[in-house]
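To start, the structure under review is shown below, and the notes come after it.
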Number of protein chains: 2
Amino acid sequence: MKYSSPRFDRLDEEKKQRIIRAAIDEFANLGFEAANINKIARKAHISVGSLYKYFKSKKDLFLYVIQLSSDLIEEELRAVNEAPFMSVESKIEKVLRIILRTNRQQANLIRLYLELTSSSNNDMTKLLSFNLETFSSQCYRQILANGQATGEVRADIDPAMAAFHLDNIFLALQYSYVGGYLYERYRIYVKEGIDSIENDEFVIAETMKFLQGALLNAKD
Amino acid sequence: MKYSSPRFDRLDEEKKQRIIRAAIDEFANLGFEAANINKIARKAHISVGSLYKYFKSKKDLFLYVIQLSSDLIEEELRAVNEAPFMSVESKIEKVLRIILRTNRQQANLIRLYLELTSSSNNDMTKLLSFNLETFSSQCYRQILANGQATGEVRADIDPAMAAFHLDNIFLALQYSYVGGYLYERYRIYVKEGIDSIENDEFVIAETMKFLQGALLNAKD
DNA sequence: TATAAGTGAGTGAGTGCTCACTTTTTTCAA
DNA sequence: TTGAAAAAAGTGAGCACTCACTCACTTATA
């Protein structure tokens, strides 16, 4: 599906990036409904008129930036999945470390996903969930099913459901870094400052212990 | 904190419930921003003017219904936590079953929480997360710490962090039942229809296997 | 009669989007 | 090389609409 006009595609990279950044910033911080198209145009130093020449509606602009960012994440996951000679445990830890890094470097992007997650807009959700989740679900399920074949992963669990639980842990962790309600919730559950760099190894260690027990066979 | 006026408190129960139901319905399905106060008044068969005599702003009405619903959930959790002679495993399963039941009976309420979770409104989140999460975090941590004392729960995990992960699993599961993006996501990860009653025992069994491995010592 | 409760048209501050217009770039014959 | 005409890109005031909230008024109750 194409959400931008040819006119937008023809723009020079710098201008495109300015518009994309402005849009992500606005949508991530205010949510789809409260985001203001006029403000996005102002932030990007273009006129509203131009913005509407590039995207035919607020919704299309939203869908465009979501699609764009999902491509970035897919890239990283693919690399981990295709790494040869890597244990399931290492792969999981690798993904976890990617997640923590992304939380810092692309906080606005994660906020955008969080917003999307709770969106009740039905015609958008079907399309978007398919685009964003199909790859990662395949990826995790494959890692787990392969692990069952090698004996690393518990044989008694359903790989699809385990992949679902695994991603739930990842998702909740991601959302807890980007501020708002879930950031406060971590503070109440565990302690101040999930997002401080000193805390990273604690989060990784505890999460790995949790996931090891949940997914892997005890080492002999 | 008191969000309703004395005038609202004096209303007869039927009218209060009508207003509360209308508000939950609107907020749950549209989200805070898109929810329409005029429509809530119409749904509740009262005038906008009256509604503003009962609650001084849209935000106050929102906070009121959130506060109200958190009390209901606290009630149920307390019962499980205080049950004597119950294994940690049984307690976790009990909570899980409560969650699945609530997902069906109070879907709108869960939607309301989901909306709240992704809210970026900063002055609301601090207050609300404290009100809603303090009890459940204490509750889960207590169950796990007691379990460590009796040897049921793994000694090598941090009870606070484990409680956090446990609730993350519960939270993701809840949100996957109420429609929208995460409902579609379950379909992609696992299969059609997480919300069909026939699927309940599968979800419970798989989730319990996952949590047993993650949290409990192997039985001897 | 006095007090409390209830009403809903109206207000004004937005907001998504349009369109008549200006500016810039490209084209190409002289 | 030039410059006029055509095409493309860009603009922002304003339109049509939405919605939180108010207030002058009516109705019910003590």
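A note on names: the letters A, B, ... follow the listed sequences, proteins ahead of strands, and every chain is numbered from 1. What you see is a predicted model, and the numbers here were worked out from it, not measured in a lab.
- Rounded to whole Å, atom C1' of D/dA24 lies 18 Å from atom OH of B/Tyr52.
- Checking D/dG10, D/dA20, C/dA5 against the side-chain heavy atoms of A/Leu11 singles out D/dG10 as nearest.
- Checking side-chain atoms of A/Lys59 against main-chain N and O of A/Phe32 turns up no donor-acceptor pair under 3.5 Å.
- Atom pair B/Asn36:CG and D/dC19:C1' shows a separation of 6 Å (rounding to whole Å applied).
- Comparing D/dT22, C/dG16, D/dG10 by their nearest atom to the side chain of A/Tyr54 picks out D/dG10.
- One interatomic measurement links the two molecules: CZ of B/Phe32 to C1' of D/dA20, which rounds to 10 Å at whole-angstrom precision.
- Side chain B/Lys53 to base D/dT22: no donor-acceptor pair is found below 3.5 Å.
- Using a 4.5 Å heavy-atom threshold, the side chains of A/Lys126 and A/Asn131 count as separate.
- Atom CD1 of B/Ile40 is separated from atom C1' of C/dG8 by 17 Å (rounded to the nearest Å).
- Closest to the side chain of B/Arg7, from the set D/dT11, C/dG8, C/dA5, is C/dA5.
- Counting only distance, with no hydrogens or angles, the side chain of B/Lys91 and the backbone of B/Ile143 share no donor-acceptor pair below 3.5 Å.
- Rounded to an integer number of Å, the gap from A/Leu30 CG to C/dG14 P is 14 Å.
- Proximity of A/Ser47 to the phosphate of D/dG12: no side-chain N or O atom is located under 4.0 Å from OP1 or OP2.
- Both A/Ser50 and A/Ile37 sit near DNA chain C, but only A/Ile37 has its closest nucleotide nearer the 5' end.
- For A/Ser57, the side-chain atoms get nearest to C/dC17 when compared with the rest of D/dA20, C/dC17, D/dG10.
- In this structure, A/Ala34 reaches neither bases nor backbone, as no heavy-atom distance under 4.0 Å exists between it and the strands shown.
- At whole-Å resolution of the value, CD in A/Glu26 and P in C/dG14 are 14 Å apart.
- Atoms NZ (A/Lys58) and P (C/dT18) sit 14 Å apart, rounded to a whole Å.
- The residue A/Asn38 sits close to a base: some heavy atom pair falls under 4.0 Å.
- Contacts of A/Ala41 with the nucleic acid, taken as non-hydrogen atoms under 4.0 Å apart, are absent.
- In this structure, the NZ atom of A/Lys56 is 15 Å from the C1' atom of C/dT18, given to the nearest Å.
- For A/Lys53 and A/Phe8, the positive end is not near the middle of the six-membered ring at less than 6.0 Å and at most 45° from its axis.
- With hydrogens and angles ignored, no donor-acceptor pair under 3.5 angstrom links the side chain of A/Arg42 to the base of D/dG12.
- Note on B/Lys15: only backbone sugar-phosphate atoms sit closer than 4.0 angstrom, heavy atoms only; bases stay farther off.
- Cation-pi geometry between A/Lys191 and A/Phe202 is met: under 6.0 angstrom from the ring centre, within 45 degrees of the axis.
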